[in-house]
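Sequential numbering from 1 along the given sequence is applied to the chain's residues.
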Amino acid sequence: DYNASLTFDLGETLPLDGMHVWNYNDAGAYLNRGVKDLEILASSDGQKFDAVGSFTLQRGTGDKNYVGEVVPWNKTVRARFVRFQIKSTY
C-alpha cells in the first residue's frame with residue numbers, strides 16, 4: 001500500500017484541463033523512483049478535494065533530452081490546488 005501525495009498551490013483559481021509532467025529522470029538504476037500510477041484531485045480552497053481521474057505516467061527515459069509528457073484530463077475543472085495522490089512507482 002503506497003500512500004504519498006504532493007499538492008501544488010497555483011496561486012489563484014484557474015480552469016484546468018490537463019497537465020505537463022516531467023517524471024523522475026535520473027539516468028541509471030534510479031528511474032524506478034518515478035511515479036507510475038496516480039489519482040489527481042483538485043480544490044478551490046485547499047480543504048475539499050474532488051477527483052479528476054486516475055492516470056498512468058510514462059517512465060522517465062534517463063535521456064538529457066527528455067521533455068516529459070502531456071496528460072489531458074477528460075474534463076475541465078476550476079481549481080487553485082492540484083493534488084497528486086501517488087498509488088505506485090516504477
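Remark: side-chain polar atoms of Ser43 are paired, donor with acceptor, to backbone N or O of Lys48 under 3.5 angstrom. One N or O on the side chain of Glu69 and one on the backbone of Gln58 form a donor-acceptor pair closer than 3.5 Å. Without hydrogens or angle criteria, Asp37 side chain to Ser54 main chain gives no donor-acceptor distance under 3.5 Å.
By the rule that hydrophobic residues join a cluster once side-chain heavy atoms approach within less than 4.5 Å of another member, Leu31 and Val35 end up as members of separate clusters. Follow the hydrophobic side-chain contacts under 4.5 Å out from Val52 and you never reach Phe49; the two are in separate clusters. Hydrophobic clustering (ILVMFWY, side-chain heavy atoms < 4.5 Å, transitive): Leu38 and Val77 are in one cluster. There is no path of hydrophobic side-chain contacts, each under 4.5 Å, that joins Tyr24 to Phe84. At a threshold of 4.5 Å between side-chain heavy atoms, the hydrophobic network of Ile, Leu, Val, Met, Phe, Trp and Tyr places Leu41 and Trp73 in two separate groups.
Under 3.5 Å, the side chains of Thr13 and Arg80 contain no donor-acceptor pair of N or O atoms.
One finds the OH atom of Tyr90 at 6.5 Å from the OG1 atom of Thr56 (value rounded to the nearest 0.5 Å). Taking CD of Glu12 as the reference point, atom CZ of Arg78 lies at 9.0 Å (rounded to 0.5 Å). With values rounded to the nearest 0.5 angstrom, Leu6 atom CG is found 10.5 Å from Gln85 atom CD. The line from CE of Met19 to CZ of Phe55 is 6.0 Å long, rounded to the nearest 0.5 Å. Here OG1 of Thr61 is found 4.5 Å from CG of Asn25. Values are rounded to the nearest 0.5 Å. With values rounded to the nearest 0.5 angstrom, Asp9 atom CG is found 4.0 Å from Phe81 atom CZ.
Annotation for Val67 and Trp22: closest pair O-NE1, 3.2 Å, computed over non-hydrogen atoms. Nearest heavy atom pair, residue Arg59 against residue Asn32, reads NH2-N, 3.7 Å. Nearest heavy atom pair, residue Ala27 against residue Gly62, reads CB-O, 3.5 Å. Nearest heavy atoms, Val70 versus His20: CG2-ND1, 3.8 Å. Between Ala51 and Glu39, the shortest heavy-atom contact is CB-OE2, 3.5 Å.
In this structure, the side chains of Leu16 and Leu10 come closer than 4.5 Å at one or more pairs of heavy atoms.
Heavy-atom contacts from other residues, nucleotides or ligands closer than 6.0 Å to CG of Asn74 number 12 or fewer. Other residues, nucleotides and ligands contribute over 12 non-hydrogen atoms within 6.0 Å of the CZ atom of Phe8.
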